[in-house]
Structures are given as C-alpha cells and as structure tokens.
Amino acid sequence: MSRYDPAAIEAKWQQHWDTEEVFKAKADPARPKYYVLEMFPYPSGNLHMGHVRNYAMGDVVARYKAACGFNVLHPMGWDAFGLPAENAAMERKIHPGSWTYANIANMKAQFRSLGLSLDWSREFATCDPEYYGQQQALFLDFLEKGLVYRKAAVVNWDPVDMTVLANEQVEDGRGWRSGALVERRELTQWFFRISDFSQELLSALDGLENWPDKVRTMQANWIGQSRGLRFGFALETPAHDHDRIEVFTTRPDTLMGASFVGLSPDHPLTKALEKDNPDLAAFCADCRRTGTSEEALEKAEKRGMDTGLRVRHPLNPDWHLPVWIANFILMDYGTGAIFACPAHDQRDLDFARKYDLPVTATFEALTDPQPIADTALVLPKSEKVRWINHFTGLTEATGDEAIAATIAKAETEGWGTGVTQYRLRDWGLSRQRYWGCPIPVVHCDSCGVVPEKKENLPVKLPEEVSFDRPGNPLDRHDAWRNVPCPACGAPAKRETDTMDTFVDSSWYFARFTSPGAATPTDRAEADYWMNVDQYIGGVEHAILHLLYSRFFARAMAICGHLPGTAAEPFDALFTQGMVTHEIYQTRDAQGRPVYHLPSDVTDGRLADGTAVETVPSAKMSKSKKNVVDPVGIVNRFGADTARWFMLSDSPPERDVEWTDAGAEAAHKHLARVWRMASELAPSLPQAGESSAEAAPKGVSDAALARLAARTIHDVTQGIEGFAFNTSVAKLYAFTAAIQKSAAPASDRAAALRILARLMAPMTPHLAEEVWTMLGGTGLLARLPWPEADPALLVDDTVTLPIQVNGKRRSELTVAKDMPKAEIEKLALADVAVQKALAGGAPKKLIVVPGRIVNVVV
RNA sequence: GCCCGAGUGGCGGAAUGGUAGACGCAGGGGAUUCAAAAUCCCCCGCCGCAAGGCGUGCCGGUUCGAGUCCGGCCUCGGGUACCA
C-alpha cells in the first residue's frame, strides 16, 4: 500500500495554486476585502521556527477569510536594511547587498516550500532602490510639511574604532569589538516630529479595540503624559550666562521638601561648568561612559557631584539649595534638571543619604505616621495625607489636590506654569551607516541644507565600497559624496547619514497595496485595500515599530499618500509569543561570549569536542544563534507537519520552547488522516461534492453528524478567537471519532471531507489531497467555509455537577429545560448529598441552571 | 531601575467565577507480528491498601464556589528610543 508522501503532495498542490493564481490579489470594489499581514522578516538567510509559527498563523487567517468570501490580500516582502549585513561585510568581505539578496533568495525558496497563501507578485525588499526611492520621496514630502528637522543628539562613540555604536554593540559600557569605554558624543542628526503627535497618538489608542490591552497600555506608558509644573530656581550668582535653572516636576506639591537641585551631565550648564572645573569635567566624562541607553543609565550606581553653585528657593529667597550633577537625570526628559525631594522619592532619598543632604518631609500618612529613615514615603496621588508643611493652606488633602493647588498658586503668583509633559521624544532617524536608505539632501556652502530634486530619486547607494576599516563608508566615498547643489549648481556634498531601519518598516504595509507605483502609493489601490484588517507579529514590536507606523500613517495622510481613515493603519493586532530555545555559548580570549547554532552542538559539545555553556531559553535571535532550521523538518516530514505542529499545543500569544518531540507526533496524525482517506476512497461512488452544503451533509449517522456540526462550530470559534491550539485539539478528537465510528463508509467519507475542509487553513496540501481522494471536485482553496447546521448544535440533556460546600460530590443528568425546583428536589435526594446532610436541612442551596448545584451544609 | 506580560501533571497545554488537568507528548500494560517497524486498544496529577485527603508559583482577601476577581510578594520573559 502506498504511504502519505508529503513531498509529492505538497509540490503538486503548490503548483496547482500557482498555475491558477489562486492567491493573486486584485482590487474589486464589488467584493469586501480583507488585508492580512504578518510582520515581514529580516532576511537573515534562514527561516527559523518563529517565522514558521508567525506565517502559519497568518496563513490560517488568510485562507479562512478567503473561504468566508473575502477578497484577501496577503503579501510578503523583506525588511532588508540593517546592521547584520554590514557585520557580514566586515567579517566575510561580502558586499552587504550581495549578502542580503542571496539571503532573500535562500529564504524565499524556504518560504515557498511552506505553501503559504501569499501573493508573491507584490514582493519587494526595502533595499530595492524602487522602494527606498519612494521612501526618499516621502522624506522630502515630510520635510516640506515641517515633519522633519535637524538638531544635536548624543550617540555612543567608540574612541578606538572611531565609529558610532548601536546600543546592542555596547556591553557594560564598552564597545563590543574594541573593548574601549564608550563615550557619549554629540552629532547633528535628523528627527521626525513624532512628539507633535503625542496627544493624538495617546488618545487614539482608545479606538484600537481590536488591539491587545497590554500593547495599548505599553504605548500609553511610553508616550507618558504627565501634568506638572515648570518653574525656575534663580542662581545666587549667575554662571556662564545662566541666571536660573529651569526644572519640570510632577510633584510641585512637595516643593517645601526640596533638598537640592540636580542637573543632567548633559545639561548645557553642566557643559559650561566643565570648562573651568577639571574635577567636574572628569566626573562628567565618567558619567558619560555608560552609553546612551536608558537601561544602562538607570541601572548605573547613582552618583553625584556638588557644583558649588547655589540657587534660591522660589518660595523663600533666603532658603539656598545646592546644585548637584547627578548621573540619573536624563537630558531627554523635561528640562534635564530637577529638584529633589528625598522624603517622597526613593531614588532621591538614596542619593541624599549617600551625600548627606537634608531630608524634609512635606506630608505624613494619616494613620501611624513615621519619620523618614531609609524608605521614602511614596503614596498614590489619590490618597489623602496630612500636610506638615504646605504653602497653599492645605492640611488634609490628596496629592492630586495639592498638585492642582500648587500649580494654581504658582500661575497666580507668576513663578511657574502648569504644563502637560510627554515622555515621548522626537524620533532620531539618522544613522552613520552604509546599509540603509540615504537621506536625500545635499549640503551646500551657500544654500545650506538642500533637498534633492524628486526627479533625481532614488539617491542610490554606491556599489563600490569597502568595509576594511570602521566607520561609515559613505563618508569616505568622494565620488558619491561630491555632487552639485540641486539649488545653485555649485559643488556641494551629499548627506552621508542613512535612515533608521524602522523607517523602512513604518510604511511597507501601505506600499504592498501598490508595490509598483511611481509614487509612494497609488491612492485608488490604497483606498481600497487599507487598512490592514489583521496584523500579526511578535510582541517585541509592541512599542517602537507599531508607534512609528502609527505616526507614519498620519504623516502620509497629511501628504496625501493615504486616506485619513488610514491614520490608524492596523484595525486588529495579534501579538504572538516567541519561539524560544536554549542558547549555547563558549568564551573568547577576552571572556566575551561566542554563540553556537543548535545544529553545531551535539550532547553539549562542538564538533571539535569543546564543551559549551547552556544558557536558559530565550527568544530565538540571529545574534544569539539559538535558532532551529525548519528546512530539516520540512524535508523529513513536510510543510504540513511543520505548520500543524507550530499551531498545536501552545496558545499563539504565549512563548513556545522548541522541542523535536512533537514534530513526529504531528506527522503521525497527518499520516493517519491520509491513510483513513486512502482506505475509504476505493469503496466510494464517484459522486462529487463541490460546493457549500449544509454541513454535515452526507453524514446520516446521528452521532457522527452531531460531532461534525460541533467540530465545525468549535474549530471556527478557535480560528476567530486566535486559539488555533484548541481548534487543533477539536480536530484530533474528530479524527479519532471518525476512525472509531461504525457508520457506513459513505458517512465516514463525508465526515472526512468536512475534516479536510476544516484542516485546510492549517495543512492545506493534505486537505486538498484528502478532498480529492474522497471525490471532492475543484480546489479546496476556492471552496467556501463549511457551516454547521444549528439544529445539531443543541443538546437536550445536560449533566450538572453537584457540590457540597463547593466540592464536587456527585452529578445529575437532567433535561436541559428542567425547572429549578425540580433540580433542587433531585439534588437533595442524591445519595452523596443525603450523606452530607446527615438528616439536617441545607443552610443554602444554589442552583445555576445548566451549570451547577451547590449544597451548603 | 522603570513599563508590560507569564507561571496549572514528568512535558506542551484545556477550562463564559461553576466537575481542574480537554487534546497531544512522554511513560506503563495489552493486541497484531516468526521478530521488528507501523498500526490498534486500555491505564496514566500527588499521597494513601482503602475510606479519604492534598493539589493551578508564594502569602492574604472577596465569594455558596477562585486557575479565573482584588491586595502584597517571588521567579522567568519582552521592551527600555542605534538589534530587528
């Protein structure tokens, strides 16, 4: 007897779908559209299991929605710019472009073997000049609308390699290659004015009802709206053209507890003071060696230094406060200067204790007030407290009330202003790297910064570049750099910064609606296909990518490239969990970790016998090399098995740790389905079933028919609710029931045809094969989704558990519509209940019809 | 540090506040086979001979009833603005 042969089956059906262009999307205003999008991959060169999981999920949705009658758009492309290509260029002397396109070719072949319902005719890579040229056009439009500007900002500077480092490339304050202590260096960089949209991006979150709450919360916290007071401390003696220090505080009500004024090491006054104070300069230089990441800054030991300057308290000019520089004050938030109130802020208190600065409480708890020792008194602003020392006359009031009173008083008296502040900063898009989208401007000595002319786009990256020394190859590429000024024609120089790769991924979804258009979008196409109806991707993108895309959609709408209705581009969002795996590492001569692929590790050793350290499971990532190659799985078991396995077991939103164990089991199950079909096929008449039928039509066996209807219902619910693992469980149960059924062959075949249709979104090749074997005609990929006969979904009896004091003691099977009183009677007559009552009367009897009976004794 | 999640048998997990452990894996037993592979059937949270008791990371609370709701922790994961 022949066997389930996925290699043959899968190639055959993939070819059918291709030939008939089943997945090619075409705008059709007469039909409702559905745009399914999974976050596009970075072309690392190999598919990993996270991809399989992500794209299998999207494919379930795409195929299911198509079966439900929607005109589905399901495109794929490549997030192709980025650091790894430059690293490869340095390590292996390959051009980043060649490396990237080779990776794309390789990964595309792997993708195709999965049989995803993708419209490949819309494919593009963000490193295609056709794509990034349109991105440059967008940049110019944004520039014209005032959405882009330049300002100084700090970067991580590696003083040995003389290059800018990504945060990822800074380890414990040192450059990853040179090992040198990094410095913060200021450069003039390009910025998008995303912070102008803070309020809008915040309030529009309310409308994103089909986004996970956790993502909306994370975005809201990231934007970080806060109400506070902005005011100044006058310097006792002006210094370096500063006569006051502006601060922002969300707790102005604690102003009487002020202990000192703190400046960021990057504050303009700090920088001025450094010039004639070598000790201070040394301290600040030290502070700046942590790199630029917020994480590193916040985790660093809290340190400070007295500047010697003194300021006057705004409420009492005779009260003088010292001015300290503290490494935990961020220049990017507020004004880069704070006043510290150690009594009501733990970080300030730790600092005050360390440097012996005064601690003055301004309020105390209503009950059991304690003096401040080593724990600051921090209470919710909504909690009422007793004010010890307030200046608005309040005695007992909440923090919120005290803040409002303080702001009102400050504004009346004219020494401060209530302001709404956001944590969200403008988006710095400049990167000092080669492998990114060139920023299309030219620097001219006489005209200044001049936008490139649109007809000169794309500004293409030069091909001939070398990576034999660190730094940006564009900087030293004179032939590329030296161009005439687009305005005056005089010799000028191109901008050598390229764009952050987040720019590339902030509008690709819009480009997919018309990937060949000579403008960023074709409005007719964009108007038809936008918005993305279902977006699927990793939760690690919950903040940056999604926030940037939301900003871009607004900016594009302002420039006319998208309809205003696409300001929120993703109607529904699903964040899948990650596929994790153990990490294998050894150490290099400097003790830094060197990672190894799981496929290179056998029994905890490399091929040469070196033992590897095993680090607990983490997100599969290129940099940690803890990735599993799905190609081996596909070769051994077929794509359907890989897909089925990734959809079963774990709930989609949760992380899943890759194990080999389940793949075999998944394959056995698919082989069983195939075998059942092949055994039944010869005994069937050649009657075809080709269209939507009131399912489970053709199943006359009552039990099987009921189960078929129930399965249709449950699987549909599972798909609709992104609970693919429970859909899979129901399909397992249905398969087992068909196998055990004694119903006639025609019944079992009809049940199997329903099974095939329900499995089609998950294991599309096997489903087509089984459908055809059992007399179905036409492509399953074009058939409507089965519908359950509602009459078969109703049960007329129900089994109620009987609890005594909340513990299950017995059960009762009754007619579904049995009146409460009768259930009570039956329950009290139950042997277990009688025993528990021991002749007495129940204290309480709870009957929830259709649910449960609870007897309290 | 800060923000957001997650924690249930040996393992992955199921469960509108209502029978905890569906479904699958691993394991045990059996059938078939000369034998094996493949396949099929049965058992399978922990303790206990049993009756029964205990069980959803920990501590407390609300409720007739809590894996689910509330408060406080612990551990792990994601993000932390130049990894994508």
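Here is how names work: the chains are called A, B, and so on, in the same order as the sequence lines, proteins then strands, and each is numbered from 1.
Proximity note for Ala665(A) (side chain, C-beta onward) versus A14(B), A84(B), G24(B): the nearest is G24(B). Nearest nucleotide to the side chain of Lys214(A), out of U39(B), G5(B), G1(B): G5(B). In the set A14(B), A81(B), G78(B), the nucleotide with an atom closest to the side chain of Pro651(A) is A14(B).
Phosphate proximity of A38(B) to Arg3(A): absent, as no side-chain N or O sits under 4.0 Å from OP1 or OP2. Within the structure, a side-chain polar atom (N or O) of Arg654(A) is placed less than 4.0 Å from OP1 or OP2 of A14(B). Between Arg431(A) and C82(B), a side-chain N or O to OP1/OP2 separation shorter than 4.0 Å is present. Contact check, Asn167(A) against A81(B): a side-chain N or O comes under 4.0 Å of OP1 or OP2.
For the P atoms, the distance from G55(B) to C46(B) is 16 Å, rounded to whole Å. As rounded to the nearest Å, A15(B) and C69(B) have P atoms that lie 14 Å from one another. A66(B) and C42(B) have their P atoms separated by 35 Å, given to the nearest Å. Comparing the P positions of G10(B) and G72(B) gives a spacing of 31 Å, expressed to the nearest Å. Spacing between A38(B) and U33(B) at atom C1', rounded to whole Å, works out to 11 Å. When the P atom is compared between G67(B) and G17(B), the two are found 13 Å apart, to the nearest whole Å. Separation of the P atoms belonging to A26(B) and U39(B) is 11 Å when rounded to the nearest angstrom. When the P atom is compared between C58(B) and C74(B), the two are found 15 Å apart, to the nearest whole Å.
Partner assigned to A38(B) is none, using Watson-Crick or G-U wobble distances below 3.5 angstrom. With a cut-off of 3.5 Å on both pairing distances, the Watson-Crick or G-U wobble partner of C73(B) is G57(B). Base pairing of U19(B): no nucleotide in any strand meets the Watson-Crick or G-U wobble criterion (both distances under 3.5 Å). Pair assignment for U33(B) gives none, since no Watson-Crick or G-U wobble pairing has each distance under 3.5 Å. In a base pair of the Watson-Crick type (N1 to N3 plus N6-O4 or O6-N4) or a G-U wobble (N1-O2 and O6-N3), with each distance short of 3.5 Å, G1(B) is matched with U80(B). Pairing partner, G27(B): C43(B), with both Watson-Crick or wobble hydrogen-bond distances short of 3.5 Å.
With a 4.5 Å cut-off on side-chain heavy atoms, Thr100(A) and Phe81(A) do not count as touching.
Listed by chain and number, the residues in a ring-ring contact (aromatic ring centres under 6.0 Å, His included) with Trp644(A) are His669(A), Tyr732(A) (sequence neighbours excluded). Not counting sequence neighbours, the partners of Phe551(A) by the ring-ring contact (aromatic ring centres under 6.0 Å, His included) test are Phe192(A), Phe197(A).
Among the heavy atoms of the strands lying under 4.0 Å from Leu424(A) is at least one base atom, whether or not backbone atoms are also near. The residue Val164(A) sits close to a base: some heavy atom pair falls under 4.0 Å.
G9(B) adopts a syn glycosidic conformation, its chi angle falling within 90° of 0.
Rounded to an integer number of Å, the gap from Lys807(A) NZ to A51(B) P is 17 Å. One can place CD of Glu298(A) at 18 Å from P of G79(B), the figure rounded to the nearest angstrom. Nucleotide A38(B) holds its P atom 16 Å from the CD atom of Gln739(A), rounded to whole Å. Look at CZ on Arg808(A): it is 16 Å from C1' on G53(B), rounded to the nearest Å. In this structure, the CG atom of Asp213(A) is 17 Å from the C1' atom of G78(B), given to the nearest Å.
Position along RNA chain B of the nearest nucleotide to Arg809(A) versus Ser650(A) favours Ser650(A) as the more 5'-ward residue. The 5' end of RNA chain B is approached more closely, in terms of each residue's nearest nucleotide, by Arg347(A) than by the other of Arg347(A) and Lys668(A).
If you check the side chains of Asp475(A) and Thr496(A), you find a donor sitting under 3.5 Å from an acceptor.
Relative ring orientation between His51(A) and Tyr55(A) is described as parallel, the plane-to-plane angle staying below 30° on a 0-90° scale split at 30° and 60°. Relative orientation of the Trp99(A) and Tyr42(A) rings is tilted, given thresholds of 30° and 60° on the angle between their planes.
Tested against Arg184(A) for a salt bridge (Lys or Arg N to Asp or Glu O under 4.0 Å), the candidates Asp158(A), Asp332(A), Asp266(A) yield a single pass: Asp266(A).
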